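Since the structure comes first, as structure tokens, the remarks are kept for the end.
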Amino acid sequence: MQTTDQRLLIIDDDEMFCHVLSRAFTRRGFEVMTAHDADQALAVAAQFQPTMATLDLKLEHSSGLKLLPELLAAVPTCRIVVLTGYSSIATAVEAMKLGAANYLCKPADADDIIASFEQQEGDPNVELADNPPSINRITWEHIQKVLQEHDGNISATARALGMHRRTLQRKLQKRPVRR
């Protein structure tokens with residue numbers, strides 16, 4: 001990837017992650033700015049005009065999915081990669097529909113992120129899993145889909161799933177289930 005005039009905006013509420021990623025990209029010749037919430041991200045994007053951005057899916061007080069269209073409206077030519085430690089099929093599909101260039105699961109390093117920015121098209125040769133996802137993974141994916149349908153509203157999601165709100169909160173606090 002040609003790094004002249006490559007401006008990267010890193011949007012993540014984890015300040016240490018931002019610092020480490022910022023340093024890695026700066027070493028690779030990128031001009032880097034960071035933001036830790038939606039308001040700060042929009043302000044920095046408007047002034048900095050990044051060519052690329054990484055966007056955490058789960059920001060402390062908002063969703064990266066809600067911020068994504070606003071960022072693209074502010075900087076239409078910016079390529080955005082959504083990063084998340086809470087991946088699900090539902091959020092990956094929504095991120096791509098909303099205009100993300102790619103979607104990566106954390107942990108992802110600078111090389112993974114650069115490769116995802118460079119990838120212009122889908123890969124028809126991607127390997128298919130030999131075994132189906134576990135029932136726990138399917139449950140996690142379904143909860144994420146219903147949560148997305150209810151705009152992140154825990155109470156409405158719990159009602160739709162027929163479970164107690166606290167039970168849903170406990171399930172959401174756990175890490176995503178591996179395949």
Side-chain angles (χ1 to χ4, degrees), residues 1-124 126 141 144-154 157 172 176:
M1 175 176 269
Q2 181 72 333
T3 58
T4 52
D5 196 36
Q6 294 298 322
R7 293 177 311 280
L8 174 68
L9 174 57
I10 300 169
I11 306 163
D12 200 301
D13 53 7
D14 181 341
E15 293 185 31
M16 182 55 74
F17 178 76
C18 284
H19 176 73
V20 170
L21 205 55
S22 176
R23 233 177 48 212
F25 275 98
T26 301
R27 286 184 186 143
R28 288 169 172 79
F30 288 77
E31 187 179 344
V32 180
M33 296 287 289
T34 61
H36 306 296
D37 61 45
D39 293 335
Q40 185 182 25
L42 289 171
V44 171
Q47 185 167 7
F48 182 56
Q49 292 293 298
T51 55
M52 296 171 282
T54 63
L55 174 59
D56 188 19
L57 180 69
K58 191 173 182 183
L59 296 170
E60 190 170 339
H61 297 292
S62 63
S63 162
L65 290 179
K66 289 184 180 178
L67 180 56
L68 182 58
E70 295 177 52
L71 279 171
L72 287 171
V75 189
T77 59
C78 185
R79 291 180 47 79
I80 300 173
V81 170
V82 174
L83 296 176
T84 184
Y86 300 90
S87 64
S88 74
I89 293 169
T91 56
V93 169
E94 288 306 313
M96 300 306 283
K97 283 182 183 178
L98 291 169
N102 219 323
Y103 181 99
L104 290 177
C105 300
K106 289 180 181 177
D109 62 19
D111 293 330
D112 296 332
I113 295 168
I114 289 171
S116 71
F117 280 123
E118 290 175 343
Q119 185 179 1
Q120 298 289 323
E121 298 176 359
D123 182 4
V126 71
E141 298 270 349
Q144 293 299 315
K145 177 181 174 280
V146 176
L147 184 64
Q148 184 65 35
E149 289 171 355
H150 290 91
D151 297 321
N153 184 314
I154 302 288
T157 301
L172 290 171

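Every value quoted in this text rests on a predicted model; they were computed, and no experiment measured them.
Within the 4.5 Å cutoff, no side-chain heavy atoms of L55 are placed close to those of L83. You'll find the side chain of H36 reaches within 4.5 Å of the side chain of C18, heavy atoms only.
With sequence neighbours excluded, no residue forms a side-chain hydrogen bond (donor to acceptor under 3.5 Å, both in side chains) with Q40. In terms of the salt bridge (charged side-chain N to carboxylate O under 4.0 Å, His left out) criterion, residue partners of R7 (sequence neighbours excluded) are, by chain and number, D5. Scored by the side chain to side chain contact (heavy atoms under 4.5 Å, CB included) test, Q144 finds S88, W140, L147, L172 as partners (sequence neighbours excluded). The side-chain hydrogen bond (donor to acceptor under 3.5 Å, both in side chains) search around T51 returns Q6, not counting sequence neighbours. Under the side chain to side chain contact (heavy atoms under 4.5 Å, CB included) criterion, V93 pairs with I89, K97, sequence neighbours left out. Partners of D14 by side chain to side chain contact (heavy atoms under 4.5 Å, CB included), not counting sequence neighbours, listed by chain and number: D12, M16, F17. In this structure F48 satisfies the ring pair (Phe, Tyr, Trp, His ring centres under 6.0 Å) test with no other residue, sequence neighbours excluded. For T157, there are no side-chain hydrogen bond (donor to acceptor under 3.5 Å, both in side chains) partners at least two apart in sequence or on another chain.
The two residues N102 and S116 make their nearest non-hydrogen contact at ND2-O, 3.3 Å. Between A41 and L71, the shortest heavy-atom distance links the atoms O-CD2, 4.1 Å. Heavy atoms only, all atoms of each residue included: A45 and P50 are closest at O-CD, 3.6 Å. Shown here for T91 and Y103, the closest heavy-atom pair between the two residues is OG1-OH, 2.6 Å.
Residue pairs meeting the side chain to side chain donor-acceptor pair (under 3.5 Å) criterion with at least one member in residues 52-78, sequence neighbours excluded, are D56-K106.
The line from CE of M96 to CG of L68 is 10.0 Å long, rounded to the nearest 0.5 Å. Rounding to the nearest 0.5 angstrom, the gap separating the NE2 atom in H19 from the OG1 atom in T34 is 10.5 Å. Atom CG in L57 sits 12.5 Å away from atom CD1 in I11 (nearest 0.5 Å). To the nearest 0.5 Å, atom CE of residue M33 and atom CD of residue Q49 are 12.5 Å apart. Atom-to-atom distance recorded for D37:CG and D13:CG is 9.0 Å, nearest 0.5 angstrom. The CD1 atom of I10 lies 5.0 Å from the OG atom of S22; values are rounded to the nearest 0.5 Å.
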Hey, can you pull the donor-acceptor pairs under 3.5 Å for the side chains in residues 107-114, sequence neighbours left out?
| residue | atom | partner | partner atom | Å |
| --- | --- | --- | --- | --- |
| D109 | OD1 | D111 | N | 3.1 |
| D109 | OD1 | D112 | N | 2.8 |
| D111 | OD1 | R28 | NE | 3.4 |
| D111 | OD1 | R28 | NH2 | 3.0 |
| D112 | OD2 | D109 | N | 3.2 |

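The only option from D39, V82, L59 that meets the side-chain contact (heavy atoms from CB on, under 4.5 Å) definition with L67 turns out to be L59.
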